[in-house]
Amino acid sequence: MGPIPLCVLLPVTVLAVVVAVAAEENTVDDEYTWPQWKVPLVRKRRTLPLSSPNFSAHPQPELSGMCGIECQRRLPSPSLDNLEQFLSYETVYENGTRTYTSVSVQGLNEVTPWSRNDSSSSRHKREVYGTDTRFTISDKQYSTKYPFSTTVKISTGCSGVLVSPKHVLTAAHCIHDGKDYLNGVQKLRVGILKEKSRRGKGGKGRGGRGKGKRRKGDNAKVEEQEKEENSEKGDRKGKGKGRKSRSRRSAESEKPSFRWTRVKQTQVPKGWFKGVADGLAADYDYAVLELKKAPKVKHMDLGVIPSIKKLPAGRIHFSGFDDDRPGNLVYRFCSVSEESNDLLYQYCDAKPGSSGSGVYIRLKEPGKKKWKRKIIGVFSGHQWVDVNGNGMQQDYNVAVRITPLKYAQICYWVHGDSSECHVA
């Protein structure tokens, strides 16, 4: 066979290069796209009445003695019976009554395997690491707008996040200490940020223009950070300029006030209760509160992601009401230092009061160019965890991950119908 003519070889070479570039672009797009998970179904078996709680527990600024990532690695994997026991739950109603609901889990074998993450990179400790990198979102232009407006304050002293028009996701320890419900849960309320009216004082009321103040503070930095995070792919170049100029034209900062709403019912998984899941209790530090009245605020959807550390830029975000900055919403973003199937250790600076915040990331929706934020975890807070199972404790900032099973349970609590929870 003679040599291949150049006129034939050149088009073939060009085609191969085009295909390779297209394949590479698709791979990069996949890294920036929300994966779609088929999740198991959590179905109610039966509900039994229980005696009313004592509501005698007191809030704990820090949790201690929890079995952490290293400690859990030595534990056997829970059986299906164990999982059904852990996912069974208690419901406390606004009139103080309580029920226990047992559940069944179906389709667990059909779910994409939840890959085990055994990373062992170095970890930082303490609530605040060196320089405090938190941003106070004090300007009403930001704090009462999405995504910050999804963050709520719980009357027991924690934070939470709206995951439906009338459901709030928070940490279980903000409601229950493992033995009893906290004092105050019988009259639990949720605070939604609202703008203070400044009518008659040159504010934003009728006839008032407000005092313009051109400054670039924490609020503008937050906006710039989110732009920078996604610009690594070059997808958002040239966008957002209008938003930056608007931030410079923002009115003088006003501290927002809260609009308080009563909680209709509270649901906590039995896995959080003492003596049920034992070393796995930390994995079930989450609860859902149903509000009596839906606030007119956009909520944030739940999402499932197999690994945070493998994501481009690998950052998580969350906002809460830290105790050391009373009345202010505090935002932060950081990298994840270590992850397991159910827990995250991360570098985010935080103080008591931020526990229960929704941890979120932003990725593209499948088949679209639009970016979307989703809640992928609940910030459990600064904890003293049992590292080696021998009682020796170290302190970390910990978050509970939303796994396919937890997604199925929370989705069932929100919708009341597991058939609406097939895909995350």
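All values reported here derive from a predicted model rather than from experimental measurement.
The shortest non-hydrogen separation linking C421 to D417 is SG-O, 3.8 Å. Between S357 and G320, the shortest heavy-atom contact is OG-CA, 3.5 Å. Here the closest non-hydrogen pair linking V105 and E84 is N-OE2, 3.0 Å. Considering every non-hydrogen atom in both R98 and Y181, the closest pair reads CD-CE1, 4.0 Å. When all heavy atoms of S337 and K309 are compared, the pair lying nearest together is O-NZ, 3.3 Å. For the pair K406 and D342, the tightest heavy-atom approach, listed with the atom from each and the gap, is NZ-OD1, 2.9 Å.
The shortest side-chain heavy-atom distance between P35 and V304 does not fall under the 4.5 Å cut-off. L343 places a side-chain heavy atom less than 4.5 Å from the side chain of V400. Put simply, the side chain of L108 reaches to within 4.5 Å of the side chain of P40, judged on heavy atoms. Using a 4.5 Å cut-off on side-chain heavy atoms (C-beta onward), Q60 and H173 make no contact. Within the 4.5 Å cutoff, side-chain heavy atoms of R74 are placed close to those of C71.
Residue pairs that meet the salt bridge (charged side-chain N to carboxylate O under 4.0 Å, His left out) test with at least one member in residues 269-286, sequence neighbours left out, are E90-K270. Evaluation of the ring pair (Phe, Tyr, Trp, His ring centres under 6.0 Å) test over residues 66-98, restricted to residues two or more places apart or in two chains, returns F86-Y284, Y89-W413.
Distance alone, capped at 3.5 Å, is enough to place a donor-acceptor pair between the S52 side chain and the G96 backbone. Here the side chain of R189 pairs no donor or acceptor atom with the backbone of K153 at under 3.5 angstrom. Q186 places no side-chain N or O within 3.5 Å of a backbone atom of F55 that could act as its donor or acceptor partner. Side-chain atoms of R332 come within 3.5 Å of backbone N or O of V330 as a donor-acceptor pair. The backbone N or O of L344 lies less than 3.5 Å from no partner atom in the side chain of R401, so there is not a single donor-acceptor pair.
By the side chain to side chain donor-acceptor pair (under 3.5 Å) test, D324 pairs with R134, sequence neighbours left out. Applying the side-chain contact (heavy atoms from CB on, under 4.5 Å) criterion to K298, with sequence neighbours excluded, gives Y146. Residues satisfying the side-chain contact (heavy atoms from CB on, under 4.5 Å) test with T261, not counting sequence neighbours, are L291, K293.
Remark: K374 is positioned above the aromatic ring of W34, its terminal NZ or CZ atom under 6.0 angstrom from the ring centre and at most 45 degrees off the axis.
Here the CG-OH distance, from L50 to Y100, works out to 9.0 Å after rounding to the nearest 0.5 Å. Here the OG1 atom belonging to T156 is positioned 13.0 Å from the NE2 atom belonging to H176, to the nearest 0.5 angstrom. The CD atom of E94 lies 8.0 Å from the NZ atom of K264; values are rounded to the nearest 0.5 Å. Rounding to the nearest 0.5 Å gives a distance of 6.0 Å between CD1 of I308 and CD of E339.
Under the 3.5 Å distance criterion, with hydrogens and angles disregarded, no donor-acceptor pair is assigned to the side chains of S79 and D81. Residues S149 and T144 bring no donor and acceptor atom of their side chains to less than 3.5 Å of each other.
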Name each donor-acceptor pair under 3.5 Å that joins a side chain in residues 159-171 to protein atoms two or more places apart or in another chain, with its distance.
residue: S159; atom: OG; partner: F321; partner atom: N; Å: 2.9
residue: S159; atom: OG; partner: G353; partner atom: O; Å: 2.7
residue: S164; atom: OG; partner: K166; partner atom: N; Å: 3.1
residue: S164; atom: OG; partner: H167; partner atom: N; Å: 3.0
residue: S164; atom: OG; partner: H167; partner atom: ND1; Å: 2.7
residue: T170; atom: OG1; partner: S159; partner atom: O; Å: 2.8

*Start with the C-alpha distance between Y32 and W371, add both sets of side-chain angles, then the distance that settles ring-ring contact (aromatic ring centres under 6.0 Å, His included), and finish with yes or no.*
CA-CA 9 Å; Y32 282 85; W371 295 77; 5.7 Å; yes
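Tested against T91 for a side-chain contact (heavy atoms from CB on, under 4.5 Å), the candidates V268, T99, T266, T47 yield a single pass: T99.
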